[in-house]
Amino acid sequence: MALTIGIPRETFPGERRVATVPEIVEKLIKLGFEVSVETKAGDDANFSDQDYKAAGASVSRTAAALYKKSDIVLKVRAPAMEEVPLLKEGTVLISFVWPAQNPDLMTALAAQKVTVLAIDSLPRQLSRAQKMDALTSMAGIVGYRAVVEAANEFDRFFAGQITAAGKVPPAKVFIAGAGVAGLAAIGTAVGLGAIVRANDTRAEVADQVTSMGGEFVKVDYEEEGSGGGGYAKVMSEGFQAAQREMYAQQAKECDIIITTALIPGKPAPKLITADMVKSMKPGSVIVDLAAEQGGNCELTEPDKAVVKHGVTIIGYTDLPSRLSRQASTLYATNLLRVVEELSPQKDGTINVNMEDDAIRGLTVINLGDVTWPPPPLNLPAPKPATAPAAALPKKEEKKSSGIGMAIMAFVGAALVAFVGLYAPPAFIGHFTVFVLAVFVGYMVVWNVTPALHTPLMSVTNAISSIIAIGALIQIAPQVEIGTVRADALILGIAVIGIALTSINMFGGFAVTRRMLMMFRK
């Protein structure tokens, strides 16, 4: 018998997302499930009840009716305590839960004897888990929206402009933390024309920042900051002191600061002090993406945009909901991938396979038994360092007898001697230049990096045009037709030839320059 997937309306204040969208409903039905949606569940994300009905879902008039018929419940936010009794025994709940931060909710859900898959507990170290990674999906939206909110509050252009009314300098944006949200913010700010700088405790993200068009600002202190799972670790006091100095300098220079620093299970680190805020230029903006966990700025007020010391400090915690339709679509796709993993047979039933590393990591309660935290992942052990193998005896390279080279040299010498004995003296000079050109050209082309062969072809094309122009200049005064010197005719042909070869020549050099600029990027 096919199981029913229920999509309740989110009750958390200000939450506008919905756990699935009509496009995904059709795919869930193809997997063999029935889908029921609480009425008006998608209204805030611009999905009407009629849209869901057209996709094949039924619409329940109340939350109680929805929970009563649902075998699987897909939600965005963790259920409120008053929603927990609506879950019938044996129901599978898939949503954000944050088990470490919500112990009372975990106890209530376990007492209800349900199975809970916390999408925030996904083991992100597994490569195949990326398709289910809703944290990454939402972080990308948060980073984008942070720049939009900053641009809305900032009182100048992001991009520099030169107008009749004067010159407008580009805005300077500093991103503290170059994770998924930080990189999304970098890409958006660069796209708007700002000068973007970024910093992260993980040295390996420097190349990612540069590739997005930003400038990586390094802390003058050597310490590795990777904490596993895509997060940073708590740094030493020495590193933090050097980091504060760097942040203080950036606060004085930059117009917009976006902070994204979070450490799992701990309050957000305080990166921007009140004194740093005071040092910023009037009209500057700070967007604190860690506001829900206490904020990276000392003056942040969660869910508010406040002005302090002439600086607007934005602490909104609902940024994904401000792009509710897009966020809902991405989140619904992540949940679809989870359901696909639970239902490999595509027969409308699921199997919570606790032997599967990804499913085991997601499962925080299994039929009333709390299974969080999960055991360590069985990741492949790093290869042990091996002692250098004893040097193998070198194989004797087969030395060529030199007979082939001797034959080629003999043939070449004979050819040159033949030309020297019988060719006209004028030809010898041209022939010598030809032989040297072939030798030099061969050596040049042979030693060019294969990646540059295409630019090389375009520049040799331009050089050949120069040769053609020289040939025309040499030939034109000497050509005769019969006994009548045809200076006018040859001059006309030469002019046309020179014009065409000039186009080819300058075009070849232009193409070469553009190609080489691409390689420099």
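Side-chain atoms are counted along with the backbone in the values below, which use heavy atoms only and exclude waters and symmetry mates. Quick note: residue numbers are just sequence positions, from 1.
Residue K346 qualifies as open at atom NZ: its count of foreign heavy atoms under 6.0 Å is 12 or below. The local environment of CG in D155 is crowded, with over 12 non-hydrogen atoms from other residues, nucleotides or ligands closer than 6.0 Å. Atom CD of E23 has 12 or fewer neighbouring heavy atoms from other residues, nucleotides or ligands inside a 6.0 Å radius. Heavy atoms from other residues, nucleotides or ligands lying under 6.0 Å from NZ of K68 number 12 at most.
Salt-bridge annotation for K75 and E15: absent, with no side-chain N of the basic residue lying under 4.0 Å from a carboxylate O of the acidic one. Comment: R197 engages E253 in a salt bridge, judged by a side-chain N to carboxylate O separation of less than 4.0 angstrom. In summary, K308 and E301 engage in a salt bridge, as defined by a charged side-chain N under 4.0 Å from a carboxylate O. Between D49 and K40 there is no salt bridge, since no side-chain nitrogen of the basic residue lies less than 4.0 Å from a carboxylate oxygen of the acidic one. We find that D43 and R9 are not joined by a salt bridge, their nearest charged nitrogen and carboxylate oxygen being 4.0 Å or further apart. Taking 4.0 Å as the cut-off between side-chain N and carboxylate O, R360 and E355 do not count as a salt-bridged pair.
Considering every non-hydrogen atom in both A198 and I186, the closest pair reads CB-CD1, 3.7 Å. In terms of heavy atoms, S95 sits closest to D120 at O-OD1, 4.1 Å. Of all heavy-atom pairs between A110 and V370, the closest is CB-CG2, 3.9 Å. Across all their heavy atoms, A261 and A290 have their closest contact at O-CB, 3.6 Å. Summarising the geometry of F47 relative to S328, their closest heavy-atom pair is CE1-CB, 4.4 Å, with the distance given to 0.1 Å. Nearest heavy atom pair, residue F158 against residue V147, reads CE2-CG1, 3.9 Å.
At least one donor-acceptor pair closer than 3.5 Å links the side chain of D288 to the backbone N or O of N296. In terms of modelled atom types and a separation under 3.5 Å, the side chain of S70 and the main chain of I5 share no donor-acceptor contact. Using modelled atom types, no side-chain atom of T260 and backbone atom of A181 make a donor-acceptor pair closer than 3.5 Å. Between the side chain of T91 and the main chain of L87, no donor-acceptor pair closer than 3.5 Å is present. N102 contributes a side-chain N or O that, together with a main-chain N or O of V97, makes up a donor-acceptor pair within less than 3.5 Å. Looking at R17, its side chain never comes within 3.5 Å of a backbone N or O of S324 through a donor-acceptor pair. One N or O on the side chain of T210 and one on the backbone of A206 form a donor-acceptor pair closer than 3.5 Å. Side chain of D200 to main chain of A178: a donor-acceptor pair is present (N/O by atom type, distance under 3.5 Å, no hydrogens or angles). Listed for the E10 side chain is a donor-acceptor partner under 3.5 Å among the backbone atoms of R77. Listed for the K270 side chain is a donor-acceptor partner under 3.5 Å among the backbone atoms of G294.
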How far apart are the C-alpha atoms of F12 and F96, what are their side-chain angles, what is the distance that settles it, and do they pass the ring-ring contact (aromatic ring centres under 6.0 Å, His included) test?
-> CA-CA 12 Å; F12 189 88; F96 283 103; over 10 Å; no
Could you walk me through whether T107 and D104 pass the side chain to side chain donor-acceptor pair (under 3.5 Å) test, one step at a time?
-> CA-CA 5 Å; T107 301; D104 293 341; 5.4 Å; no
Would you check, one step at a time, whether the test salt bridge (Lys or Arg N to Asp or Glu O under 4.0 Å) holds for K113 with D369?
-> CA-CA 8 Å; K113 296 188 182 303; D369 296 328; over 6 Å; no
With salt bridge (Lys or Arg N to Asp or Glu O under 4.0 Å) as the test, would you mind laying out the steps for D356 and R128 before giving the verdict?
-> CA-CA 12 Å; D356 184 305; R128 71 183 184 88; 2.3 Å; yes
Pair L342-I94, side chain to side chain contact (heavy atoms under 4.5 Å, CB included): steps then yes or no | CA-CA 11 Å; L342 294 172; I94 307 174; 3.9 Å; yes
I would like to know whether I72 and I350 meet side chain to side chain contact (heavy atoms under 4.5 Å, CB included); could you show each step before the answer?
-> CA-CA 9 Å; I72 304 167; I350 63 171; 3.8 Å; yes
Would S60 and E38 satisfy side chain to side chain donor-acceptor pair (under 3.5 Å), going step by step from the backbone distance to the final call?
-> CA-CA 5 Å; S60 298; E38 183 183 350; over 6 Å; no
What do the steps show when you test D207 against F216 for side chain to side chain contact (heavy atoms under 4.5 Å, CB included), and what is the final call?
-> CA-CA 8 Å; D207 290 339; F216 187 78; over 6 Å; no
Given Y144 and L323, is the side chain to side chain contact (heavy atoms under 4.5 Å, CB included) satisfied, shown in steps?
-> CA-CA 10 Å; Y144 169 85; L323 287 171; 3.6 Å; yes
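In this structure, CG in L367 is found 8.5 Å from CD in E89, a value given to the nearest 0.5 Å. Note that CZ of R145 and OG of S321 are 10.5 Å apart. Values are rounded to the nearest 0.5 Å. Between atom CD1 of residue I256 and atom CZ of residue R156 there is a gap of 8.5 Å, rounded to the nearest 0.5 Å. To the nearest 0.5 angstrom, I272 atom CD1 is 6.5 Å from Y247 atom OH. Atoms CE and CZ, on M280 and F174 in that order, are 10.5 Å from each other to the nearest 0.5 Å. The distance from the CZ atom of F154 to the OG atom of S284 is 6.5 Å, given to the nearest 0.5 Å.
The salt bridge (charged side-chain N to carboxylate O under 4.0 Å, His left out) check on R337 picks up E340, with sequence neighbours excluded. Listed by chain and number, the residues in a side chain to side chain donor-acceptor pair (under 3.5 Å) with D133 are R124, T136 (sequence neighbours excluded).
The shortest distance between side-chain heavy atoms of V18 and V76 does not fall below 4.5 Å. Residues L105 and V84 form a side-chain contact, since some pair of their non-hydrogen atoms from C-beta on lies under 4.5 Å apart. The closest side-chain heavy-atom distance from I286 to V277 is below 4.5 Å. Side chains of E34 and L3 form no contact here, defined as non-hydrogen atoms less than 4.5 Å apart. By the 4.5 Å heavy-atom criterion applied to side chains, K218 and M246 are not counted as neighbours. Residues N199 and V219 are in side-chain contact: their nearest non-hydrogen atoms beyond the backbone lie under 4.5 Å apart. Using a 4.5 Å cut-off on side-chain heavy atoms (C-beta onward), V285 and V311 make no contact. Within the 4.5 Å cutoff, side-chain heavy atoms of M138 are placed close to those of Y331.
Checking N366 against T363 by side-chain atom types alone, no donor-acceptor pair falls below 3.5 Å. With hydrogens and angles left out, the side-chain atoms of D347 and T349 include a donor and acceptor closer than 3.5 Å. For the residue pair N334 / S137, a side-chain donor-acceptor distance below 3.5 Å is found, with atom types taken as modelled.
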Using atom types as modelled, flag every donor-acceptor pair under 3.5 Å from a side chain in residues 313-320 to any protein atom, sequence neighbours excluded.
from: T317; atom 1: OG1; to: D303; atom 2: OD1; distance (Å): 2.2
from: D318; atom 1: OD1; to: R322; atom 2: NE; distance (Å): 3.0

